[in-house]
Number of protein chains: 2
Amino acid sequence: MEALADYFKVFSEPNRLAVLDALRGGALNVTAVVERTGLSQALVSKHLKLLTIAGVVRRRPEGSLVFYEVIDKNVFRLIQQADKLLLATRRQQLDALVAIL
Amino acid sequence: MEALADYFKVFSEPNRLAVLDALRGGALNVTAVVERTGLSQALVSKHLKLLTIAGVVRRRPEGSLVFYEVIDKNVFRLIQQADKLLLATRRQQLDALVAIL
DNA sequence: CATCGACATAACGACAGTGTGATAGTACAT
DNA sequence: ATGTACTATCACACTGTCGTTATGTCGATG
């Protein structure tokens with residue numbers, strides 16, 4: 001249960017989700033991720049390291065560049081499912097609000 | 001993207017997952033959740049409040065008791081999918097380790 | 001080998017979240 | 001009314017995480 005919570009924690013950070021989103025199309029090197037996200041280089045490196053340790057992302061040095069890529073694309077399914085649930089929740093919250101007014 | 005991260009954050013806490021798990025069978029009052037989880041009453045109240053604000057759980061006072069219940073049971077699907085992904089990840093990490101040795 | 005670009009890491013300050021113990025509020029029974 | 005269970009909230013200390021700045025490292029290239 002603890003491990004699962006830690007896994008959820010991986011996705012509980014906006015910038016980390018942005019980094020993941022940048023990798024949606026396939027492998028990218030760090031600089032490319034920096035450009036796509038607009039985050040600082042140090043910050044991107046940090047998040048990529050976290051994602052690597054978490055086993056979500058694979059690190060592949062190539063010459064002087066380092067490419068990162070999502071290992072199991074099902075993480076995008078997970079993210080999508082969470083997003084869907086979130087929308088349903090928001091809708092239900094609105095309904096509940098309207099019922100009061 | 002921020003909102004989605006916040007939604008993931010809801011599930012990124014072991015005790016909160018335990019509270020949710022206690023509610024798997026249906027509505028329970030606070031004391032029942034306390035008993036099932038072994039957490040302190042104050043802590044359970046806090047987590048239940050969070051879950052309520054997040055729209056995951058519904059609060060229903062009944063006499064002197066307050067029952068809580070999961071609104072959309074799909075959250076359990078989400079949790080299960082995350083757990084499945086986590087397992088796959090662990091397996092792949094082991095494989096990668098073996099490949100090195 | 002000197003340098004330059006790409007990436008990683010360290011150190012730090014700031015802030016958010018967690019758990020606890022104490023206390024307050026609330027319905028119910030006696 | 002008073003006491004008793006149930007639930008909520010407060011104040012606090014503690015910890016963990018985030019982002020930044022600065023610096024370190026490594027490979028490629030001249």
Side-chain angles (χ1 to χ4, degrees), chain A residues 1-23 26-71 82 86, chain B residues 1-23 26-71:
Chain A
M1 195 130 259
E2 173 112 30
L4 184 55
D6 284 342
Y7 191 64
F8 271 111
K9 200 171 292 187
V10 171
F11 306 102
S12 71
E13 228 285 321
N15 290 335
R16 213 140 54 216
L17 286 182
V19 168
L20 274 180
D21 196 65
L23 295 176
L28 286 182
N29 67 337
V30 179
T31 301
V33 174
V34 168
E35 287 166 354
R36 291 205 186 192
T37 59
L39 303 176
S40 76
Q41 182 265 319
L43 189 54
V44 167
S45 261
K46 244 187 188 178
H47 284 308
L48 284 174
K49 180 171 190 178
L50 255 175
L51 290 168
T52 303
I53 292 175
V56 173
V57 143
R58 174 186 308 133
R59 193 186 116 105
R60 176 163 45 89
E62 194 151 323
S64 70
L65 306 184
V66 179
F67 284 86
Y68 286 89
E69 104 184 277
V70 170
I71 296 176
L86 175 58
Chain B
M1 194 132 257
E2 173 109 33
L4 184 54
D6 285 341
Y7 190 64
F8 272 111
K9 198 169 294 185
V10 171
F11 307 101
S12 70
E13 229 286 322
N15 291 334
R16 212 142 52 217
L17 286 182
V19 168
L20 275 179
D21 196 65
L23 295 176
L28 287 182
N29 67 337
V30 178
T31 300
V33 174
V34 168
E35 287 166 354
R36 292 206 185 189
T37 59
L39 303 175
S40 75
Q41 181 265 319
L43 190 53
V44 168
S45 259
K46 241 186 190 179
H47 284 307
L48 284 173
K49 181 172 188 178
L50 257 175
L51 290 168
T52 304
I53 293 176
V56 173
V57 143
R58 172 186 310 134
R59 194 184 115 105
R60 178 164 43 90
E62 193 150 324
S64 72
L65 307 183
V66 179
F67 284 85
Y68 286 88
E69 106 184 278
V70 170
I71 296 176

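None of these values were measured; they are calculated from a predicted model. Throughout, protein chains are lettered first and strands after them, A, B, ... in sequence-line order, and every chain is numbered starting at 1.
Under the side chain to side chain contact (heavy atoms under 4.5 Å, CB included) test applied with B:Leu20, the options B:Val33, B:Leu48, B:Leu51 reduce to a single match, B:Leu51.
For A:Tyr68 and C:dA6, the shortest distance from a side-chain N or O to OP1 or OP2 is not below 4.0 Å. Taking only side-chain nitrogens and oxygens, B:Asn15 never comes nearer than 4.0 Å to OP1 or OP2 of C:dT18. Distances shorter than 4.0 Å separate some side-chain N or O of B:Asn29 from OP1 or OP2 on D:dT7.
In this structure, the separation between CG on A:Leu4 and CD on B:Glu13 is 12.0 Å, given to the nearest 0.5 Å. Here the straight-line distance linking atom CG of A:Leu86 with atom CZ of B:Phe8 works out to 9.5 Å at 0.5 Å rounding. Taken from NZ in A:Lys49 to OH in A:Tyr68, the straight-line distance is 9.0 Å, to the nearest 0.5 Å. The CD atom of A:Gln41 sits 7.0 Å away from atom OG1 of A:Thr31, with the distance rounded to the nearest 0.5 Å.
Residue B:Arg16 has its side chain nearest to C:dT18 when only D:dA8, D:dC18, C:dT18 are considered. Each of D:dT20, C:dA22, C:dG19 was ranked by its minimum atom distance to the side chain of B:Leu43; first place goes to C:dG19. Comparing C:dC7, D:dT20, D:dG19 by their nearest atom to the side chain of A:Ser45 picks out C:dC7. Here C:dC28 is the nucleotide among C:dC7, C:dT18, C:dC28 with the atom lying nearest to any side-chain atom of B:Ser64. Checking C:dA8, D:dA8, D:dC18 against every side-chain atom of A:Arg59, the shortest atom distance belongs to C:dA8.
Contact annotation for B:Thr31: backbone-only contact, meaning every heavy-atom pair under 4.0 Å involves sugar-phosphate atoms and none involves a base. Residue contacts for A:Phe67: at a heavy-atom cut-off of 4.0 Å it reaches no nucleic acid atom on any strand shown. At a threshold of 4.0 angstrom between heavy atoms, the contacts of A:Lys46 include nucleobase atoms, whether or not backbone atoms are also involved. Note on A:Ser40: only backbone sugar-phosphate atoms sit closer than 4.0 angstrom, heavy atoms only; bases stay farther off.
Computed from coordinates, the A:Glu62 CD to C:dA6 P distance equals 15 Å when rounded to whole Å. Per the geometry, CD1 belonging to A:Ile53 stands 12 Å off P belonging to C:dA8, to the nearest Å. A straight line from CD of A:Glu2 to P of D:dT15 spans 16 Å, rounded to a whole angstrom. Protein atom CD of B:Glu13 is 13 Å distant from nucleotide atom P of D:dG16, rounded to whole Å. The nearest whole Å value for the distance from the CG atom in A:Asp6 to the C1' atom in D:dT17 is 13 Å. A:Lys49 places its NZ atom 16 Å from the C1' atom of D:dG19, with the value rounded to the nearest Å. Atom CG of A:Leu65 is separated from atom C1' of C:dA8 by 14 Å (rounded to the nearest Å). In this structure, A:His47 places its NE2 atom 12 Å from P of D:dT17, rounding to the nearest Å.
For A:Gly63 and B:Leu48, each mapped to the nucleotide of DNA chain D holding its nearest heavy atom, the one lying further toward the 5' end belongs to B:Leu48.
Under the 3.5 Å distance criterion, the side-chain polar atoms of A:Arg16 are matched with a main-chain donor or acceptor of A:Val10.
Interface remark: the A:Gln41 side chain does not form any donor-acceptor pair with the C:dA6 base, using a distance-only criterion of under 3.5 Å. For C:dG17, the base has no donor-acceptor partner in the side chain of B:Lys9 [N/O atoms by modelled type, under 3.5 angstrom].
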